[in-house]
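I have placed the structure first, in the form of structure tokens, so that the comments after it can refer back to it.
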Amino acid sequence: MVRLFARVVLAMCLAVAAGFNVQAQTKPKVTTLGPDFPKATLFVGNSFFYYNNGMPGHLSFMERAADDANKAAYRNTMATIGGSGLDWHDMDNLLRPGGLGAYSFDDQNVVVFNKPGRQFDTVVMMDCSQCPIHPQLKDAFTTFAKKDSEIVRAHDMRPVLFMSWAYLDKPEMTEGLAEAYTIAGNANNALVIPAGLAFARVRKLQPELNLYAPDKRHPSPAGTYLAACVTLAALTGRSPVGNSYTMGIDPETVQLLQKAAWDTVQDYYGR
């Protein structure tokens, strides 16, 4: 364990010395959802969200651990279709009154019937893994990021975009995705969650840590945990460092992922 920790520290030092930060060329305009940070969020996307029993569910456990006094208020729901882009989802239907979020489950898995009306504070949207940079699909990303952001606001909720990560064997995707999501976020006055940049950071810090499933695209448990840490930091303004929810991952890896997520968010938002 001591040797592993020493390797992690050494890797972090070397990465810092080499200047490992991958960033979007464009700077994000929206850098916080505070002071009115959200507690109920709908995640609209694809299998990148639902792998490993759903990133939003793990996020709920992290949020509740970070804010025990208000833990009953935190809930996350996901509406996902495997392989989908934003154009596959009917946002108006998802946000219809009396639909999604009418009831939920607390941390003891007890059904909770929520008050009628607006069920979510924010809607986090992710396009397909290639769509924002694909020659034939990037225009649809731009169109639906705008259309869906307008629909979300019409329902008195805040739109957020989730920057996905590069494939394991195509790390060059990182910068293109970061730029595309940042531009879309700025165009729609929406916060962007820089998960893709966090993946790139960890891959530089500790290349031997596997963030991917065998298909080299979907997240491993460590990848899902990293995405949850970044999302916690971006949505709540709270650092994931020291959070007690670990998803069963070993302490050294948790420490690395939590710090990498927080550093990524701080760097991306220019803090």
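The shown structure was predicted, so the numbers you read here are calculated from the model rather than taken from an experiment.
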Quick check against the 3.5 Å criterion: does D90 have a side-chain atom that pairs as donor or acceptor with the backbone of N93?
yes
With no hydrogens and no angle check, is any side-chain donor or acceptor of W165 less than 3.5 Å from a backbone partner on R217?
yes
How close do F49 and V44 get, counting heavy atoms only, and between which atoms?
CE1-O, 3.7 Å
Could you tell me if the side chain of L226 sits less than 4.5 Å from the side chain of V202, heavy atoms only?
yes
Determine whether Y212 and Y167 satisfy the following criterion, ring-ring contact (aromatic ring centres under 6.0 Å, His included), listing intermediate values before the conclusion.
CA-CA 8 Å; Y212 294 86; Y167 298 163; 8.4 Å; no
Centroid-to-centroid, F48 to H218, below 6.0 Å?
yes
Side chain to side chain donor-acceptor pair (under 3.5 Å), paired with E63, selected from N76, T41, T236
N76
Consider only side-chain heavy atoms of I, L, V, M, F, W and Y, link residues closer than 4.5 Å, and tell whether Y74 and F61 are in one cluster.
no
Applying salt bridge (Lys or Arg N to Asp or Glu O under 4.0 Å) to D92 and R96, what does each step give before you reach the verdict?
CA-CA 6 Å; D92 248 331; R96 72 190 187 280; over 6 Å; no
Please check this pair: side chain of R271 against backbone of T31, looking for a donor-acceptor N/O pair closer than 3.5 Å.
yes
Can you confirm whether the side chains of T142 and D139 place a donor and an acceptor under 3.5 Å from each other?
no
Quick check: is M62 connected to M247 through a chain of hydrophobic side chains (ILVMFWY, heavy atoms under 4.5 Å apart)?
yes
K115 backbone acceptor or donor facing Q119 side chain under 3.5 Å
yes
So, S104 and N114: side-chain donor and acceptor under 3.5 Å apart, yes or no?
yes
Around atom CD of E172, are there more than 12 heavy atoms of other residues, nucleotides or ligands at under 6.0 Å?
yes
Under the criterion side chain to side chain contact (heavy atoms under 4.5 Å, CB included), I'd like the reasoning laid out for M157 against R153: C-alpha separation, chi angles, the key distance, then a yes or no.
CA-CA 5 Å; M157 304 172 198; R153 285 197 170 93; over 6 Å; no
CH2 (W88) and OG1 (T80) are apart, to the nearest 0.5 Å, by 12.0 Å
Under 4.5 Å between side-chain heavy atoms, counting indirect links through other Ile/Leu/Val/Met/Phe/Trp/Tyr residues: same cluster for M163 and M78 or not?
yes
T122 side, atom OG1; L42 side, atom CG - distance, nearest 0.5 Å:
8.5 Å
Quick one: closest heavy-atom pair of N52 and P221, and the distance?
ND2-N, 3.6 Å
ILVMFWY network linking V241 to L256, side-chain heavy atoms under 4.5 angstrom:
no
Within this structure, what is the CG-CG distance for the pair L209 and L257, rounded to the nearest 0.5 Å?
5.5 Å
Within a strict 4.5 Å, meaning less than it, do heavy atoms of the L161 and I193 side chains meet?
no
N46 side chain vs D127 backbone, donor-acceptor pair below 3.5 Å
yes
Within the structure provided, determine whether K259 and Q255 are in side-chain contact (heavy-atom separation under 4.5 Å).
no
Side-chain (N188) to main-chain (S149) donor-acceptor, under 3.5 angstrom:
no
Could you walk me through whether L33 and V160 pass the side chain to side chain contact (heavy atoms under 4.5 Å, CB included) check?
CA-CA 9 Å; L33 292 180; V160 175; 4.0 Å; yes
Going by distance alone, is a donor N or O of one side chain under 3.5 Å from an acceptor N or O of the other, for N210 and S220?
no
Crowded around N53 CG? As in, over 12 foreign heavy atoms under 6.0 Å?
no
Verify, without hydrogens or angle tests, whether R64 (side chain) and R75 (backbone) share a donor-acceptor contact under 3.5 angstrom.
no
For L191 and A234 the tightest heavy-atom approach is CD2-O, 3.6 Å
Quick test of your reading: applying ring-ring contact (aromatic ring centres under 6.0 Å, His included), list the pairs with at least one residue in residues 115-151, sequence neighbours left out, ordered by first then second residue.
F141-Y181
So, Y51 and T224: side-chain donor and acceptor under 3.5 Å apart, yes or no?
no
So which heavy atom on G34 is nearest to which on T32, and how close?
N-OG1, 2.9 Å
Just do the side chain to side chain contact (heavy atoms under 4.5 Å, CB included) check on R158 and V152 with the steps written out, would you?
CA-CA 6 Å; R158 288 177 284 179; V152 169; 5.6 Å; no
Taking all non-hydrogen atoms of both residues into account, name the closest pair between A178 and L197 and its distance.
CB-CD2, 3.8 Å
Any chance you could measure D148, atom CG, to M125, atom CE, to the nearest 0.5 Å?
5.5 Å
Contact list for residues 252-271, test ring-ring contact (aromatic ring centres under 6.0 Å, His included), sequence neighbours left out:
none
Side chain to side chain, V192 and F162, heavy atoms closer than 4.5 Å:
no
Joint cluster assignment, L137 & L177, ILVMFWY side-chain distance < 4.5 Å:
no
Enumerate the salt bridge (charged side-chain N to carboxylate O under 4.0 Å, His left out) contacts for residues 234-249, please, sequence neighbours excluded, ordered by first and then second residue.
D67-R238
Is it the case that the side chain of Q258 and the backbone of P240 share a donor-acceptor pair, with hydrogens and angles ignored and the cut-off at 3.5 Å?
yes
Would you check if V111 and F105 make a side-chain contact, meaning some heavy-atom pair closer than 4.5 Å?
yes
Between S84 (side chain only) and I81 (backbone N and O only), is there a donor and an acceptor less than 3.5 Å apart?
yes
Mind running side chain to side chain donor-acceptor pair (under 3.5 Å) on Y245 and H58 for me, showing each step along the way?
CA-CA 8 Å; Y245 181 69; H58 296 296; 2.7 Å; yes
So, R201 and T264: side-chain donor and acceptor under 3.5 Å apart, yes or no?
yes
What are the two closest non-hydrogen atoms of T182 and K27, and how far apart are they?
CG2-C, 3.9 Å
Nearest 0.5 Å, what's the CG-CZ distance between N70 and F37?
13.0 Å
Could you state the interatomic distance from OG1 (T253) to CG (L211), rounded to the nearest 0.5 Å?
10.0 Å
Run V30 and N189 through side chain to side chain contact (heavy atoms under 4.5 Å, CB included) and show every step you take.
CA-CA 6 Å; V30 181; N189 196 32; 3.3 Å; yes
